[in-house]
Each structure stands twice: as structure tokens, then as C-alpha cells.
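Atom set for the values below is all heavy atoms of this structure, side chains included, hydrogens, waters and symmetry mates excluded. Lettering of chains follows the sequences in order, A, B, ..., and the numbering in each one begins at 1.
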Amino acid sequence: MSQSRYVPPHRGNTSFARPRGRGNGGFGGRWFPDQVSPSFRNDNFDISEKFDELEVIGEGENSGVINFDAYESVPVEVSGNNVPPPVNNSFGETELEEGLKRNIERCKYVKPTPIQRHAIPIASAGRDLMACAQTGSGKTAAFCFPIISGILSLKARSSSGLYSLPRGDGGGVAYPTALILAPTRELSSQIHDEAKKFAFQTGLKVVVCYGGAPAGHQLRNLERGVDILVATPGRLVDFIERERVSLSKIQYLALDEADRMLDMGFERQIRKIVQQMNMPPPGSRQTLLFSATFPTDIQKLAADFLTDYIFLSVGRVGSSTELIQQKVELVEDTDKRNYLMNLLHSQRGPGVNGKKPLTLVFVETKRGADNLHFWLSRNGFAATAIHGDKVQMERERALRSFKSGDTPVLVATDVASRGLDIPHVAHVINFDLPRDIDDYVHRIGRTGRAGKSGLATAFFSHQNIPIAKALVALLQEAKQEVPTWLRDYAQSSSQSDHSHRSHRYGGGKYGGRDFRNFTEPKADNNSYFGTNGNGYHAMEPYNTVTSHGIPSSFTGSSDNFSNAAFGGSYHYAGANTESYGGDHKVEGGALGYASVVPSGWD
DNA sequence: CAGTAGC
């Protein structure tokens, strides 16, 4: 086995060997003892100094030690054909390239999070993947590691003459090998920072492109060569149309916040980039989709981009949230400001290390953000605001000022709701609740990251009745207290989950279910479909899928299913992870069809 | 309807 070959990097002295890791990954430049994870309090003090010593690029804002205990008992669902087994307890077991492993070690990530344990072997095996995992549980590394490792091994082979991987061709056109797309500029920037750390001294070049910043600098970076391009859609399309970037050599495509990227407002751009800009088709590239939420209707859209993919869900979709204490208060619009003021006053005491606790306040509109920011400032609160009508410099300044604690209150629109890893956010306040419950999940996920606890307070007004039902379901799922009045609203409202998407959760609310398992017609003699109850069906996780051939009823029925594979599936509770494979039984038969064999990319 | 996203 490859793990016996793994040789820890030479500088791995034992004082490093303790669980620590990433939120969304990062180097611990600053680190504050974690009030809520006392189990690690005594052995973390040396993170930053060890780190700085290594000169590994800059300051990882998203530093942090993972409280692994918080993740030990999460449910996992995996389905698809021939699912590669997870690794257990260390990155040493993975088949990642040595250069990357060295950086992982430098990052002090000694132990993969659950999403990493499962996703890395799947992605390393070259499989397409649709993955759901809680906010703050380490998704960025989960897709970055296999991509970086994969490119490194391609290059290794290339030097022996097997592959030719063009980078800038001298004609001013950049040919990235991997493309990572994200829905906001700040998130792209964050992913870029992370990926650079992971690719440190490997020779790989990571470049980021997004709007609102001068194009010249980004273009110069592209000209110097790019292996991994991180981008937001608009600027990328611009560069492609100007023929400064070509996607014709793409072998890895990752969509972070994938459901967002395929939702209205982004879907067309993504389809254009992926399907109409010369990118190799599914089967000729590897596609990785990650998010904390993955509504059924979006899963169906996403299937267009994938081939014989594996669906992976770690923890309830839209949940991590047992770590986040959620409160819902009945506050009418006219009372919100006073209520907020009281809340902020009540938490004015010194926070971690004498810093004020950071509070992130979400509002519905850009104008609302400005108004509330102004009002807070006038009332003596050091606040700032971020939204899409601000110029990029202001956006970045606001974020920086919030992270540093200079302005411990940040008023934000949904521009800040997804992916941003801001350490030490103690409290997320939904001043205005979003219309979509998934947005709520992402917003509160700005706290309670990397296994730490957090607090989320929502102001529920009359206008929010449409999401009452979904909110109650979510609170129950996360084992939170549900106010009686809210339960009443939920029962009285005829609204189902959403105004126009009531079917989105298909067969299982928040279940992180693979839609292929409950929307497909049952295949005879394969009773495995539709057996997903609440229990954990103990299953043999791998080598269960051997059959081929797809029922004719599947084949031409829908574009959405053209690439889908229907295969084995397993669930288990995290309690079983340590003895993985020991106590699982085969769940049932499997069916699938021969996957498209990758046939090169040009 | 809001929000994100290029000049």
C-alpha cells in the first residue's frame, strides 16, 4: 500500500504532531486560544511561531485548529459506482504527491477532516464528484489537494516525455490546467491564497482573476504561466473573449459553492464557460462540485457537467450547525434597530484576547447595508459595510477592517454569505432573514467554523412567514430550540419550503441526498433505490458495483441523466469511521452503466 | 423582488 511508503517530511518533529488543521485551511499567522474548544487550549500556543519560521507565504487569516471531536459523529452518504474508500486518520495515507504532503505538514494539518477523508481518495482516483459538507469543515483543501497533486504527477510524467502541458505559449494566451470558479471576488481571492500555500515550492503557478481590480496585473500574472486559475465568471469570460486565456487544456474543473454557481443569475455564465468556451467535455476533464447545500433541482442541472460521478455528503446538508447556537427572535421591522443595539451592547465586553467579538450582520439589500452601517456609526459602534455597489477597494478594506477587529461589526449583503473564512466571528445576526433557507445556512456558517462554536441570531418579522416552515425544519435538524410562535407560523402557513422551489429537497429534507437515489424509477431486482430511511444502512462501501447496463427507461429520458451513473451507496455514522470497513454490510445490488472512458482532451 | 458577476 502506498501509505507504507509515506515518509514524513524531515522537519516533522513530534511537537508538530497534534491535530490541528484548517478551517478553510490556512496558516496560523495569528492565533487566539479557542474559548470554546478547551480540549486544545493547552497545546496550540506554538502554531504561529512554528509557522512563521517556515516562511510559507503570508498570513493565513483563516488559521485555526480544528476541533475534531465536533466532527466525529457525522453521518456520511456516498453513492456512485466503485467508490474509492476513504482514508482514516492521516494525510500520509493519501496518494498525494510528496511536495504537497510537505506543505500539508507545514500547514500542521495532520489529520484530514471527514470531507477530506472521503473526497481526497475519490478525486485522486480521477472521479467526478458532487460533494456536500458543512460550512467550515474544510472543503477548499478537499478539492485543492487532489488538483495540485494531480497536476504535479502529470508534470512528473511530462518530464519523462509522456505529456506535454503547455503553459503560456509565448503568444499571450494562457492555458491553465485547472479552473476553480467561485461566486464572489473575495472568495476567489481567499481560494487563491489557500491554493498558493498548498502549492508552495512545487513549481505550480496559481493565478486569480476577478473584476473590479485592474486587469493588467492579472494579465501579466497569466503571461508568466498558470497551472491553476481561480476566477469569478465575469472577468474570466472577458479574458477568454479577448483571447488571453484558453480553456482548451483544462483537465480539472472545480466549482466552489456549486449550487450558487448553477442557480439563476450564474447558470448561464457557467454554462457558457463550461460548455461553449472550448473546455474539454465531461469525461475528458475531471469535475469537482462542492457546496454546503445542494438542492435537488440544482443537482439535476449539475449532472450535465459530470460523468459517472460520485455523490458525497458529510453531515446533514445545511447543518454543521449543531456547533452553532441558533436563536430566532420575533422582531418587527420597526424594532430591529433597537433590538440590534441591545444585542451589541450586551456583548461589548472583551472578547478573545481582549479583542471585541466580531459580529456579522446580514441585511437584504445593498441600500439597507449602507443605511444600517450609517446608523450604527452614528450611534457609536465601530462598524463597516460590504456589498456589491462598493468599489473593490472599499470591499476589501471593509473586510480587512472587520477581520482585524478595528471595526468589529460588519454589515453585509449576501456578498459575504458564502465561503468567506473569517476567524473569530462570534455572532452572526440575520437582521433581515433571506428568502431562501439555503442562504440562511451559508450565512450562519460564517461562525462556528473548524469545529468551534458560534452564535446566530435571526430577527424574524412578519415578512418572513414564507420561510417559517423551512426554518423550523432546519432548527430541528440542528437540534436547536424552536420557539412556539415560530412553530405556529410554520404550521399555519400554507407555504411549503420555498415559494417557487418546493420540490427542491425531493425525498429528503436537508438530507444531503443524492437525487439519483430518490428521483429515479426503481429498477427491478435492485431494491436498493428508495431504501434510504433514517437509519444508517450499514453497507460495504466499496467493490459493490459490478453491473453494467442502464435500464432503457433511464437512457434517453432526460439530458440531466445522460451522464449519471447509478451505483452503490453507503451510509455510516462517524462512530464507525475508525473501524471503517469492519462492520459494514452490503446494502444491495447496484446498477450502473459503463462510464465514458476519458479520451484525452483535444 | 433581492443578491453575485466585465468592461
**Item:** Separation of atom CG in A:Leu433 from atom P in B:dG3, rounded to whole Å
**Value:** 16 Å
**Message:** If I take atom CD in residue A:Gln218 and atom P in nucleotide B:dA5, what distance separates them, rounded to the nearest angstrom?
**Reply:** 13 Å
**Message:** Strictly below 4.0 Å: does A:Thr184 bring a side-chain N or O up to OP1 or OP2 of B:dA5?
**Reply:** no
**Asked** Looking at B:dG6, B:dC1, B:dG3, which one has an atom nearest to any side-chain atom of A:Arg435?
**Response** B:dC1
**Prompt:** Across the strands shown, which category fits A:Gly388 at heavy-atom distances under 4.0 angstrom: base, sugar-phosphate, nothing?
**Reply:** sugar-phosphate
**Phosphate OP1/OP2 of B:dG6: any A:Thr232 side-chain N/O under 4.0 Å** = yes
**Asked** Is the cationic atom of A:Arg516 (NZ for Lys, CZ for Arg) positioned less than 6.0 Å from the six-membered ring centroid of A:Tyr309 and within 45 degrees of its normal?
**Response** yes
**Request:** Can you tell me the distance, in whole Å, between the CG atom of A:Leu236 and the C1' atom of B:dA5?
**Result:** 12 Å
**Item:** Nucleotide nearest A:Lys366 when distance is taken to its side chain, options B:dG3, B:dA2, B:dG6
**Value:** B:dG3
**Request:** Using atom CZ of A:Arg367 as one end and atom C1' of B:dG3 as the other, report the distance to the nearest whole Å.
**Result:** 17 Å
**Message:** With a sphere of 6.0 Å drawn around CZ of A:Arg242, does it hold more than 12 non-hydrogen atoms of other residues, nucleotides or ligands?
**Reply:** yes
**Fill in**
Winner on side-chain proximity to A:Met264, out of B:dG3, B:dG6, B:dA2, is B:dA2
**Asked** Is any NZ, NE, NH1 or NH2 atom of the basic residue among A:Asp304 and A:Arg271 found under 4.0 Å from an Asp or Glu carboxylate oxygen of the other?
**Response** yes
**Fill in**
From CZ of A:Arg395 across to C1' of B:dA5 the rounded distance in Å is 9 Å
**Message:** Under 4.0 Å, heavy atoms only, any strand: does A:Asp414 hit a base, just the sugar-phosphate, or nothing?
**Reply:** nothing
**Request:** Please report, rounded to the nearest Å, how far the P atom of B:dT4 is from the CG atom of A:Leu187.
**Result:** 14 Å
**Prompt:** Counting any heavy atom closer than 4.0 Å, what does A:Arg260 reach on the DNA or RNA strands: base, sugar-phosphate only, or nothing?
**Reply:** base
**Proximity of A:Phe460 and A:Trp485 rings by center, below 6.0 Å** = yes
**Item:** Between P of B:dG6 and NZ of A:Lys272, the distance in whole Å
**Value:** 13 Å
**Request:** Answer yes or no: does a side-chain N or O of A:Arg185 lie under 4.0 Å from OP1 or OP2 of B:dT4?
**Result:** no
**Request:** Would you mind checking if A:Glu241 and A:Lys272 are paired as a salt bridge, meaning a charged N to carboxylate O distance below 4.0 Å?
**Result:** yes
**Request:** Report the distance from atom CG of A:Asn464 to atom P of B:dC1, rounded to the nearest whole Å.
**Result:** 19 Å
